[in-house]
Trainee: 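Handing you a structure now.
Sequence lines set the chain letters: A, B, ... in the order given, protein chains first and strands last, and positions in each chain run from 1.
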There are 2 protein chains.
Amino acid sequence: MLSKKTKYALHALTYLGKHRDEKTILIHDIAEEYGISHKFLENILLELKKAGFLGSKKGKGGGYYLIKEPQDIPLSKVIRLLDGPIAMLPCVSLNYYEPCAECKSETECGINKVMIQVRDETLNILENKTLQDILKT
Amino acid sequence: MLSKKTKYALHALTYLGKHRDEKTILIHDIAEEYGISHKFLENILLELKKAGFLGSKKGKGGGYYLIKEPQDIPLSKVIRLLDGPIAMLPCVSLNYYEPCAECKSETECGINKVMIQVRDETLNILENKTLQDILKT
DNA sequence: TATAAACCCTATAAAATAGATAGGGAATAT
DNA sequence: ATATTCCCTATCTATTTTATAGGGTTTATA
């Protein structure tokens, strides 16, 4: 399951995407909209900013705003940033690969093979669906 | 990511599947094969037994054995038993559904829609791949 | 029938991760 | 100047995962 952090990040991006006519959006407003902790969300927005999805402006009248076009933000990138691996096993993760300690031979492991399939199908969706797609509805 | 519990369960089933010619298999032997804790594995095998995948025999000469045919054990069932939901969000889980606290309208949520797609693709694999498939290699 | 082997069951401890909070710092509009 | 708002790091709490402990029950066999 996705962590709350990731869910909140996706919601926040959605909110920012839907309010692109406004110059900046307050953390406060997003937190209120979804009934989540201001401070927790603050940390999340900061991560999204460091990752290059958001810009911000300090001081009175400041806030956050999208700096990428929604169609240029694949869901896979958001999930990997906040949650880490998308794959179901470390041994099939493209971005966070690690061998499984208990596994003698990856190439002979049937579990590995199935999980590669699952990973590929999942990524096929998450790399092609972007913020744009979740804004549509 | 799958928990170690689930990974170990899949490995144990694999081991039992590969030794179906023997009447019973000791916890000890499986634990040793994969270098995992005897006691931890014991709990896992017990769960697999209660779920109807395994049979057991107590006392000297006892042990565990498969009571289902490998092709009748879909990976989805094993994962759900040990790990819980396969879906990425509670609001799209078929077996462990819960609404997302922060979400006002599921039908208007774009994230929900994408995650339904991911769930369906994932299940399409995990419900059709069985222990038989991971034994092949 | 005594003994050792092996699973059965429940509880608890330890470690890791996730979720949340706290508090002061820096920039900026007015 | 002041109030506002993001920036940064640290810490605390709760939850979940992983692992261990220890005795109970069954059974083969000598």
Side-chain angles (χ1 to χ4, degrees), chain A residues 1-9 11-12 16 22-32 34-51 53-67 79 81-85 88-90 96 98 100-102, chain B residues 1-9 11-12 16 22-32 34-51 53-67 79 81-85 88-90 96 98 100-102:
Chain A
M1 297 271 250
L2 296 180
S3 65
K4 289 193 177 180
K5 226 171 163 179
T6 301
K7 266 207 291 185
Y8 294 166
H11 283 304
L16 289 164
E22 297 161 52
K23 276 201 198 71
T24 61
I25 300 289
L26 297 179
I27 297 175
H28 178 82
D29 292 348
I30 305 176
E32 200 160 65
Y34 299 104
I36 59 188
S37 147
H38 175 107
K39 277 300 203 177
F40 191 38
L41 183 59
E42 187 173 10
N43 293 331
I44 296 167
L45 294 181
L46 213 46
E47 278 197 75
L48 288 170
K49 188 198 164 185
K50 284 180 183 165
F53 297 115
L54 306 182
S56 65
K57 195 162 173 296
K58 285 183 188 173
K60 202 170 185 180
Y64 282 98
Y65 49 90
L66 273 182
I67 54 175
I79 294 173
L81 177 68
L82 282 308
D83 243 31
M88 284 188 142
L89 293 179
Y96 300 84
E98 266 183 70
C100 291
E102 79 284 359
Chain B
M1 296 273 251
L2 296 179
S3 65
K4 288 194 178 180
K5 225 172 163 177
T6 302
K7 265 206 295 184
Y8 293 166
H11 282 303
L16 289 164
E22 296 160 52
K23 278 201 196 71
T24 61
I25 301 289
L26 297 180
I27 297 175
H28 177 83
D29 291 348
I30 305 176
E32 198 159 68
Y34 300 104
I36 61 189
S37 148
H38 174 108
K39 278 298 202 175
F40 191 39
L41 183 60
E42 187 173 11
N43 293 330
I44 295 167
L45 294 180
L46 213 45
E47 279 196 73
L48 288 171
K49 188 199 165 185
K50 285 179 182 165
F53 298 114
L54 305 183
S56 65
K57 194 161 175 297
K58 286 184 188 172
K60 200 169 186 179
Y64 282 98
Y65 49 89
L66 272 182
I67 54 176
I79 294 174
L81 176 68
L82 283 307
D83 242 30
M88 283 188 143
L89 292 179
Y96 300 84
E98 265 183 70
C100 291
E102 79 285 359

Trainee: Please give me the minimum heavy-atom distance between B/Ala9 and B/Leu82, naming the atom from each residue.
Mentor: CB-CD2, 3.8 Å
Trainee: Could you walk me through whether A/Leu54 and A/Ile67 pass the side-chain contact (heavy atoms from CB on, under 4.5 Å) check?
Mentor: CA-CA 5 Å; A/Leu54 306 182; A/Ile67 54 175; 5.5 Å; no
Trainee: By the 4.0 Å heavy-atom rule, please label A/Leu26 as base, sugar-phosphate, or nothing.
Mentor: sugar-phosphate
Trainee: Distance check needed: D/dT17 C1' versus B/Ile36 CD1, whole Å only.
Mentor: 15 Å
Trainee: Is A/Ile27 touching bases, backbone alone, or none of the nucleic acid, heavy atoms closer than 4.0 Å?
Mentor: sugar-phosphate
Trainee: If you apply the rule side-chain contact (heavy atoms from CB on, under 4.5 Å), what do you find for B/Leu45 with B/Tyr8, and how did you get there?
Mentor: CA-CA 9 Å; B/Leu45 294 180; B/Tyr8 293 166; over 6 Å; no
Trainee: So, is B/Ser3 near the phosphate of D/dT16, with a side-chain N or O under 4.0 Å from OP1 or OP2?
Mentor: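 For D/dT16, neither OP1 nor OP2 has a side-chain N or O of B/Ser3 closer than 4.0 Å.
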Trainee: Return the value, rounded to whole Å, for the distance between atom CG of A/Leu16 and atom P of D/dC6.
Mentor: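 The distance from CG of A/Leu16 to P of D/dC6 comes to 11 Å, rounded to the nearest Å.
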Trainee: Would you mind building the protein contact string for nucleotides 19-30 of chain D? One character per nucleotide, 5' to 3', B for base within reach (heavy atoms under 4.0 Å), S for sugar-phosphate only, - for untouched.
Mentor: BBBBB--BBS--
Trainee: Rounded to the nearest 0.5 Å, what's the gap from NZ on B/Lys4 to CG on B/Asp83? Could you check?
Mentor: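 B/Lys4 atom NZ to B/Asp83 atom CG measures 13.5 Å (nearest 0.5 Å).
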Trainee: Does a side-chain N-to-carboxylate-O contact under 4.0 Å join A/Glu47 and A/Lys5?
Mentor: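 Looking at A/Glu47 and A/Lys5, the cut-off is met.
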Trainee: Would you kindly give the CG-to-P distance between B/Leu46 and C/dC8, to the nearest whole Å?
Mentor: 6 Å
Trainee: Looking just at side-chain N and O atoms, do B/Lys49 and B/Ser56 make a donor-acceptor pair shorter than 3.5 Å?
Mentor: yes
Trainee: Just the rounded figure in Å: distance from C1' of C/dG19 to NZ of A/Lys7.
Mentor: 13 Å
Trainee: Please step through side-chain contact (heavy atoms from CB on, under 4.5 Å) for the pair A/His11 and B/Glu102, ending with a clear verdict.
Mentor: CA-CA 9 Å; A/His11 283 304; B/Glu102 79 285 359; 2.8 Å; yes
Trainee: Is the phosphate of D/dC7, meaning OP1 or OP2, less than 4.0 Å from a side-chain N or O of A/Tyr64?
Mentor: yes
Trainee: Taking atom C1' of C/dG19 as reference, at what distance in whole Å does atom CE of A/Met1 sit?
Mentor: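 That distance rounds to 16 Å.
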Trainee: With sugar-phosphate meaning primed atoms plus P, OP1 and OP2, does B/Ile25 contact a base, only sugar-phosphate, or nothing at under 4.0 Å between heavy atoms?
Mentor: sugar-phosphate
Trainee: In whole angstrom, what separates B/Lys50's NZ from C/dC7's P?
Mentor: 15 Å
Trainee: Within this structure, what is the OH-to-P distance between B/Tyr96 and D/dT16, rounded to whole angstrom?
Mentor: 14 Å
Trainee: May I have the distance from A/Ile44 (atom CD1) to D/dC7 (atom P), rounded to whole angstrom?
Mentor: 14 Å
